[in-house]
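Taking it in order: structure first as structure tokens, then the write-up.
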Amino acid sequence: MDPLEIVALTTGQVRIHDDMHRGRGPGLVRRARILRKGPMGEPLPIHAWLIVHPSEGRILVDTGETQAAKDTSFAEFHVAREDELDHQLRAVAGIAPEQVDRVVLTHVHGDHADGVPHVAHAPLLASAREIAVVGSLAAAATRRFTGQPLPEPFAPRPLPLDGPAVGAFRSSTPLTADGRVIAVPTPGHTPGHLAILVVQPDHHVLISGDACYDLAQLQDLQVDGVSPKESVAKDTMKRILAHAAGHPTVVLPSHDPDSARRLASTEVLRPRPAGAVG
Ligand SMILES: [Zn+2]
């Protein structure tokens with residue numbers, strides 16, 4: 001079988017609060033820290049990904065940010081109009097936005113979902129759990145507080161993620177009939193977060209959203225400042241590491257400055273040597 005083409009799109013950059021990148025302190029303390037002004041890290045890419053399947057068309061994973069994004073205490077956005085998804089699809093993937101056949105969101109945060117109106121014609125998918133949480137009153141209140149409204153239109157269809165285990169992931173929903181593009185649950189950063197596993201001839205590619213911001217954080221099992229439950233986020237990070245230990249896997253976090261290079265050079269995740277620290 002031929003490898004599936006995966007295209008890295010970059011819809012601008014974001015600087016995030018150091019305490020959001022690597023959470024500090026227990027429970028609510030960890031999450032409250034990001035509401036206070038504090039040091040911001042270096043600019044990080046805001047990636048979306050296009051998977052080109054020979055018979056099932058173009059599957060877009062996440063839709064990136066738009067120039068309308070408002071800065072918060074925990075994130076400072078640098079997105080020009082030409083960074084947005086429609087320009088990126090034309091310039092980098094060589095297609096019009098209308099040529100996207102399906103859209104899957106890893107999770108419903110603005111820097112992953114705000115580009116949805118650019119591909120409003122295409123069926124939109126997210127995990128059933130994520131859609132339920134996003135529809136709650138608490139989530140609506142948080143969006144008002146942070147000034148991050150849902151995109152319009154926004155009517156995702158639920159992915160149940162109730163199919164068989166795949167590698168280290170406890171369940172799945174295949175997105176293609178040949179099972180080469182698979183949604184797997186990676187809860188933590190949000191309760192219904194998912195990742196997309198792409199089965200290539202001799203390795204896997206895991207489009208891992210914000211399950212971690214970079215591989216050092218993954219290998220440190222250090223939870224971010226956003227995840228509601230530390231234990232859930234940590235369990236997902238352990239599963240990603242276990243999956244990569246069992247099958248050569250290129251892991252692509254949405255905001256890792258090395259993700260695009262790693263995709264281009266098929267750099268699989270190597271276990272950290274014993275005793276090494278991040
Ligand atoms: Zn993000």
Side-chain angles (χ1 to χ4, degrees), residues 8-23 30-31 33-35 40-50 60-79 83-85 88 103-116 118 124-127 129-130 133-134 139 142-143 146-151 154 156 183 185-196 206-218 222-228 232-233 236-237 240 251-260 262-263:
L9 307 170
T10 309
T11 65
Q13 299 197 305
V14 62
R15 296 177 65 197
I16 62 172
H17 198 305
D18 285 352
D19 292 343
M20 173 166 162
H21 193 149
R22 287 177 171 250
R30 175 175 53 80
R31 296 172 68 199
R33 278 177 184 278
I34 70 169
L35 302 178
M40 308 288 269
E42 293 296 307
L44 303 175
I46 306 171
H47 284 307
W49 311 90
L50 184 71
L60 181 70
V61 182
D62 287 337
T63 62
E65 191 47 279
T66 65
Q67 65 172 359
K70 290 195 179 72
D71 292 346
T72 66
S73 60
F74 49 85
E76 186 185 293
F77 296 98
H78 301 272
V79 183
D83 294 328
E84 292 187 21
L85 179 68
Q88 282 284 306
V103 181
V104 193
L105 299 177
T106 58
H107 63 296
V108 184
H109 280 167
D111 55 317
H112 300 256
D114 280 344
V116 162
H118 290 307
L124 179 65
L125 304 164
S127 83
R129 175 104 173 94
E130 188 77 353
V133 170
V134 165
T142 302
R143 287 194 295 272
T146 58
Q148 296 178 309
L150 287 174
F154 188 72
T186 46
H189 184 75
T190 64
H193 192 287
L194 62 76
I196 299 294
L206 185 72
I207 298 175
S208 57
D210 289 359
C212 58
Y213 289 119
D214 53 51
L215 299 191
Q217 176 179 23
L218 176 68
Q222 184 169 17
V223 172
D224 64 22
V226 184
S227 301
V232 174
T236 282
M237 289 198 273
I240 293 173
V251 179
L252 304 178
S254 297
H255 305 295
D256 187 337
D258 282 333
S259 281
R262 229 182 277 124
L263 172 66

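In each ligand, atom 1 is the first atom listed, and ligand 1 is the first ligand listed. Values in this document were obtained by computation on a predicted structure and should not be read as measured data.
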Pair H255 + H21: ring centers closer than 6.0 Å: no
Intermediate values then yes/no, side chain to side chain donor-acceptor pair (under 3.5 Å), T186 and H193: CA-CA 5 Å; T186 46; H193 192 287; 2.9 Å; yes
In short, R30 meets V226 closest at the heavy-atom pair NH1-N, 4.1 Å
Does either side chain, that of Q148 or that of T72, offer a donor lying less than 3.5 Å from an acceptor on the other one? no
So, 2.8 Å as the limit: is an N/O/S atom of H189 located closer than that to the Zn ion (ligand 1)? no
Atom of D111 nearest the Zn ion (ligand 1) (restricted to N/O/S, atom name only): OD2
Specify whether an N/O/S atom of H107 falls short of 2.8 Å from the Zn ion (ligand 1). no
The residue among T10, D114, V79 that forms side chain to side chain contact (heavy atoms under 4.5 Å, CB included) with I46 is V79
At the Zn ion (ligand 1), what is the angle formed between atom NE2 of H112 and atom NE2 of H255, rounded to the nearest 10°? 110°
Closest N/O/S atom of D210 to the Zn ion (ligand 1), by atom name? OD2
